[in-house]
Amino acid sequence: MRLPDGSVRQYPKGITAAQIAADLGDGAVEAIVARVDGRLVDLFYRLENDANLELLPATSAEGLEVLRHSTAHVMAQAVKRLIPEARLAIGPPIENGFYYDFDLPRALSAEELASIEEEMRRIIAADYPFSREEMDRDEAIRFFRERGENYKVEILKGLDDPRPSLYRQGEFVDLCRGPHIPSTGRIKAFKLRHVAGAYWRGDSSRPMLQRIYGTAFAHQAELDLFLERLAEAERRDHRRLGRELDLFSFRDEAPGFIFWHPKGYQLYRTLVDFSRELQEPRGYQEVSTPWIYRVSLWQTSGHWDHYKDNMFLADAGGEAVGVKPMNCPGHCLLYSQSVRSYRDLPLKFSEYGPLARYEPSGTLHGALRVRGMHQDDAHIFLREDQIEEQIAEVLELVDEVYRAFGMEYTVKLSTRPDDYMGDLATWERAEEALERALQAAGRPYTVNAGDGAFYGPKLDFDVTDALGRKWQCATVQLDFQMPERFGLTYVDRDGQHRRPVMIHRAIMGTLERFIGILVEHFAGAFPVWLAPVQVRVLPIGEDHKAYAERVRWELARARIRAEVDGRNEKIGYKIREAQVQQIPYMLVIGGKEAAAGTVAVRHRRRGDLGSVPLERFIEDIRREIDDRTLD
RNA sequence: GCUGGCGUAGCUCAGUCGGUAGAGCGACGCACUCGUAAUGCGUAGGUCACGGGUUCAAGUCCCGUCGCCAGCUCCA
């Protein structure tokens with residue numbers, strides 16, 4: 001046997017991986033699964049030939065997946081004990097845990113999870129070994145049909161494998177490819193999380209099953225850490241912080257739309273200003289186009305065929321109209337308003353106006369999934385030979401934006417799908433141009449072959465927030481189709497009319513969603529440049545209000561967002577409120593400050609920083625804002 | 001859209017077996033004039049999501065609608 005450290009050991013033929021693990025001792029006894037020549041197998045697997053052998057503990061990525069898969073089986077066993085009529089569907093490991101789908105005679109309540117967990121603990125204490133057996137497919141079908149497991153029968157019928165495997169632990173048996181842990185006692189830390197509906201095979205026309213989600217870890221400490229992270233995510237929930245920080249609200253009267261309160265809208269405007277500040281030097285021209293069009297426009301653009309179900313439609317005096325879900329058709333009309341020369345390209349139209357998408361009711365989620373939205377949207381009309389340079393510029397823009405928020409991101413290149421439109425040579429040139437731009441920018445990226453839109457290849461950007469969660473925000477899509485549909489042309493150097501290419505791009509993406517992400521990313525403690533209120537001036541007593549008001553005036557004149565808390569409250573109370581609202585700077589104003597023309601600075605995290613002259617404070621915070629310092 | 005759960009004051013939540021609504025925080029008012037995370041006292045605030053039904057009587061039971069939540073499906 002060749003081990004991962006390169007050493008080679010001799011063992012008799014037919015020895016099991018578990019026996020080798022015992023022989024090796026030390027860390028190897030922790031192993032719960034083995035990898036033989038790259039294939040994962042059970043520890044009781046018999047080694048008949050020379051092989052590369054790896055013994056994997058529950059802390060390894062593969063081991064953890066196996067542990068969770070086995071925990072799913074144990075959960076299914078517990079459910080079968082408590083509800084014998086339960087029919088099993090599937091139970092795979094997933095990111096952060098596992099689930100198992102059941103067809104049950106009644107709805108499961110959240111409280112029942114506790115009794116299922118209790119039964120699981122009994123199964124774990126009994127330490128049943130997992131065993132594997134193989135059957136002919138027909139025999140397996142008979143076996144499961146007798147048990148009334150019709151979902152398993154359906155799975156088997158769709159299986160190519162002539163001898164599928166079954167795994168048993170105790171009285172429980174399940175169709176499964178495996179591998180599994182040696183015995184149920186190896187499960188040290190697990191938790192059932194929630195019940196939800198899920199369609200059999202993800203098909204909304206098939207029966208709805210009940211899915212129980214759970215998770216398992218190698219050790220209790222890791223499970224605790226995971227649960228703590230979930231609790232932290234809940235504390236940061238933008239719906240809760242949005243209300244507590246008075247940023248925005250939702251009303252039943254307009255599901256999927258946001259009411260921006262003054263502070264939330266300040267944040268929104270800061271983002272749009274930031275976007276303009278970056279885009280104007282790069283030649284973007286901001287425009288505003290209609291938000292309602294006759295359906296004929298949507299027929300021209302192709303949205304009618306592909307997107308009608310997601311549009312807000314209305315009858316306007318007997319004529320069908322639709323609210324725009326995207327800006328591209330409007331920008332195409334705008335483009336076609338004039339004769340364009342090759343010298344005009346690239347032509348960049350940006351727009352921050354309203355968009356409406358009729359998202360299904362069940363998919364709405366706070367600010368993260370809305371029906372009424374705004375994007376930092378732009379369309380670049382360009383010649384094919386400009387693709388590389390323009391993509392490079394957009395990549396730079398994306399980088400500058402996300403750096404400002406301290407967010408890491410990864411890039412995915414999605415290439416030509418099977419149902420592509422247009423000619424192959426153009427696609428290939430465009431994909432190469434995208435790759436060259438990515439390589440020139442030194443951006444690592446992954447390729448999602450065949451995942452592009454039917455009208456062109458695209459780049460998707462996944463940003464990672466402070467909790468390690470990934471969000472897709474920016475998107476850059478090349479489009480050969482829309483210019484075609486709108487008959488767009490430019491007059492080339494030789495006087496010929498040629499077809500421009502179009503780039504759809506958004507950097508922050510949907511601003512509503514992006515603000516939701518930012519709220520959670522910063523846990524409401526926005527960096528100074530973003531904070532809706534950057535400074536709160538806190539006069540200690542009635543006598544200091546006049547000076548406090550003057551301080552606010554000087555701050556406002558320096559374009560610093562400040563407010564005075566002139567309420568008749570103790571200073572400790574005012575500080576507490578400002579802290580809770582995550583206001584970056586508090587200026588405590590008393591007799592000393594008023595007399596000396598200074599301010600006593602308190603930072604929300606660094607605490608009391610002592611007194612400085614007002615001009616000095618303004619200078620310092622101004623620099624912090626202009627540099628977009630992250631604290 | 002589908003399955004399940006939920007909907008009581010601005011927020012968090014009590015409300016028993018069906019007998020006509022409660023707390024804390026917040027808000028507001030008054031007093032206190034205060035130096036770095038909660039001063040005291042008082043007051044107001046509810047069509048119990050909406051519509052219908054059962055009942056002598058409905059926040060409570062039943063049906064429908066809307067919205068929210070967790071998933072699923074969808075996501076140009």
Side-chain angles (χ1 to χ4, degrees), chain A residues 94 99 101 103-104 106-112 193-213 234 237 239-240 243-244 246 249-256 298 301-303 305-311 325-329 355 357-366 368-370 375 414 417 452-456 458 460 472 475 477 479 481-482 504 506 510 513 538-545 567-581 586-593 600-604 606-611:
Chain A
I94 52 172
Y99 66 79
D101 285 347
D103 190 352
L104 301 175
R106 60 189 168 82
L108 222 49
S109 68
E111 294 74 50
E112 273 173 287
R193 296 186 44 210
H194 46 251
V195 201
Y199 299 110
W200 168 233
R201 300 210 147 157
D203 182 343
S204 58
S205 67
R206 305 294 303 269
M208 177 69 78
L209 306 172
Q210 296 188 62
R211 174 171 297 179
I212 304 178
Y213 283 89
E234 200 171 322
D237 191 308
R239 291 166 294 189
R240 170 203 177 104
R243 185 177 60 232
E244 287 174 1
D246 198 18
S249 58
F250 302 92
R251 298 274 310 207
D252 289 358
E253 286 86 343
W298 305 115
S301 69
H303 286 86
D305 292 334
H306 293 277
Y307 208 68
K308 186 170 64 168
D309 290 345
N310 279 303
M311 286 178 63
M326 296 170 203
N327 290 310
C328 27
L355 302 172
R357 299 181 183 176
Y358 185 76
E359 302 290 352
S361 59
T363 64
L364 300 178
H365 184 85
L368 298 178
R369 186 80 189 264
V370 290
Q375 298 182 324
S414 297
F454 67 88
Y455 51 72
K458 60 175 182 171
D460 286 320
Q472 207 231 290
T475 177
Q477 309 184 347
D479 187 348
Q481 276 307 307
M482 194 92 60
H504 307 248
T510 296
R513 173 180 156 86
L538 310 176
I540 288 172
E542 191 72 38
D543 298 345
H544 315 121
K545 275 167 85 169
R567 292 174 307 166
N568 195 4
E569 293 290 350
K570 283 177 67 178
I571 194 67
Y573 182 82
K574 293 183 186 180
I575 286 172
R576 183 186 148 74
E577 281 216 337
Q579 287 281 160
V580 166
Q581 287 168 36
M586 288 150 269
L587 299 182
V588 177
I589 300 298
K592 282 182 285 194
E593 288 75 21
V601 182
R602 182 189 165 96
H603 184 266
R604 66 180 164 205
R606 298 194 291 273
D608 191 348
L609 302 177
S611 287

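Residue numbers start from 1 in every chain, and the chains themselves are labelled A, B, ... in the order their sequence lines are given, proteins ahead of strands.
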To the nearest angstrom, how far is [X] atom [atom1] from [N] atom [atom2]?
{"X": "Arg567(A)", "N": "G29(B)", "atom1": "CZ", "atom2": "P", "result": "11 Å"}
{"X": "Arg193(A)", "N": "C69(B)", "atom1": "CZ", "atom2": "P", "result": "17 Å"}
{"X": "Lys574(A)", "N": "G35(B)", "atom1": "NZ", "atom2": "C1'", "result": "11 Å"}
{"X": "Arg604(A)", "N": "A37(B)", "atom1": "CZ", "atom2": "P", "result": "17 Å"}
{"X": "Arg576(A)", "N": "C25(B)", "atom1": "CZ", "atom2": "P", "result": "12 Å"}
{"X": "Glu593(A)", "N": "U36(B)", "atom1": "CD", "atom2": "P", "result": "12 Å"}
{"X": "Tyr307(A)", "N": "C75(B)", "atom1": "OH", "atom2": "P", "result": "10 Å"}
{"X": "Tyr99(A)", "N": "C72(B)", "atom1": "OH", "atom2": "C1'", "result": "10 Å"}

- Query: More than 12 foreign heavy atoms under 6.0 Å from CD of Glu234(A): is that the case here?
  - Reply: no

- Item | Presence of salt bridge, Glu359(A) and Arg357(A), under 4.0 angstrom | no

Within this structure, what is the [atom1]-[atom2] distance for the pair [X] and [Y], rounded to the nearest 0.5 Å?
{"X": "Met586(A)", "Y": "Leu538(A)", "atom1": "CE", "atom2": "CG", "value": "7.5 Å"}
{"X": "Met482(A)", "Y": "His504(A)", "atom1": "CE", "atom2": "NE2", "value": "4.5 Å"}
{"X": "Gln210(A)", "Y": "Leu104(A)", "atom1": "CD", "atom2": "CG", "value": "4.5 Å"}

What's [X] touching, base or sugar-phosphate or nothing? Going by heavy atoms closer than 4.0 Å.
{"X": "His194(A)", "answer": "sugar-phosphate"}
{"X": "Gly362(A)", "answer": "base"}
{"X": "Ala600(A)", "answer": "base"}
{"X": "Lys592(A)", "answer": "base"}
{"X": "Gly607(A)", "answer": "nothing"}
{"X": "Arg211(A)", "answer": "sugar-phosphate"}
{"X": "Pro360(A)", "answer": "base"}

Counting heavy atoms from C-beta on, name the nucleotide in [options] closest to the side chain of [X].
{"X": "Val588(A)", "options": "G1(B), G26(B), U36(B)", "value": "U36(B)"}
{"X": "Ala196(A)", "options": "G26(B), A70(B), G35(B)", "value": "A70(B)"}
{"X": "Tyr213(A)", "options": "G71(B), G35(B), U36(B)", "value": "G71(B)"}
{"X": "Glu569(A)", "options": "U39(B), G71(B), C69(B)", "value": "U39(B)"}
{"X": "Ile571(A)", "options": "U36(B), U3(B), U39(B)", "value": "U36(B)"}
{"X": "Arg369(A)", "options": "C74(B), U36(B), U39(B)", "value": "C74(B)"}
{"X": "Arg602(A)", "options": "A27(B), U33(B), A37(B)", "value": "A37(B)"}

- Item | Distance under 6.0 Å and angle within 45° of ring axis: Arg211(A) vs Tyr99(A) | yes

- Here RNA chain B, pairs taken as Watson-Crick or G-U under 3.5 Å and shown with ( ), [ ] when crossing and | when to another strand, reads (((((((..((((.....[..)))).(((((.......))))).....(((((..]....))))))))))))....

- Query: Hey, what's the ring geometry for Phe454(A) with His306(A), parallel, tilted or perpendicular (30° and 60° as the breaks)?
  - Reply: parallel

- Please list, chain by chain and in numerical order, all residues satisfying ring pair (Phe, Tyr, Trp, His ring centres under 6.0 Å) with Phe250(A), sequence neighbours excluded. Phe248(A)

- Task: Using the test side chain to side chain donor-acceptor pair (under 3.5 Å), find all partners of Tyr307(A) that sit at least two apart in sequence or belong to another chain.
- Result: none

- Arg239(A) side chain N/O closer than 4.0 Å to the phosphate oxygens (OP1, OP2) of A70(B)? yes

- Query: Within less than 4.0 Å of OP1 or OP2 of G71(B), is there a side-chain N or O belonging to His365(A)?
  - Reply: no

- Task: Confirm from the modelled atom types if Tyr199(A) and G71(B) form a donor-acceptor pair under 3.5 Å, side chain to base only.
- Result: no

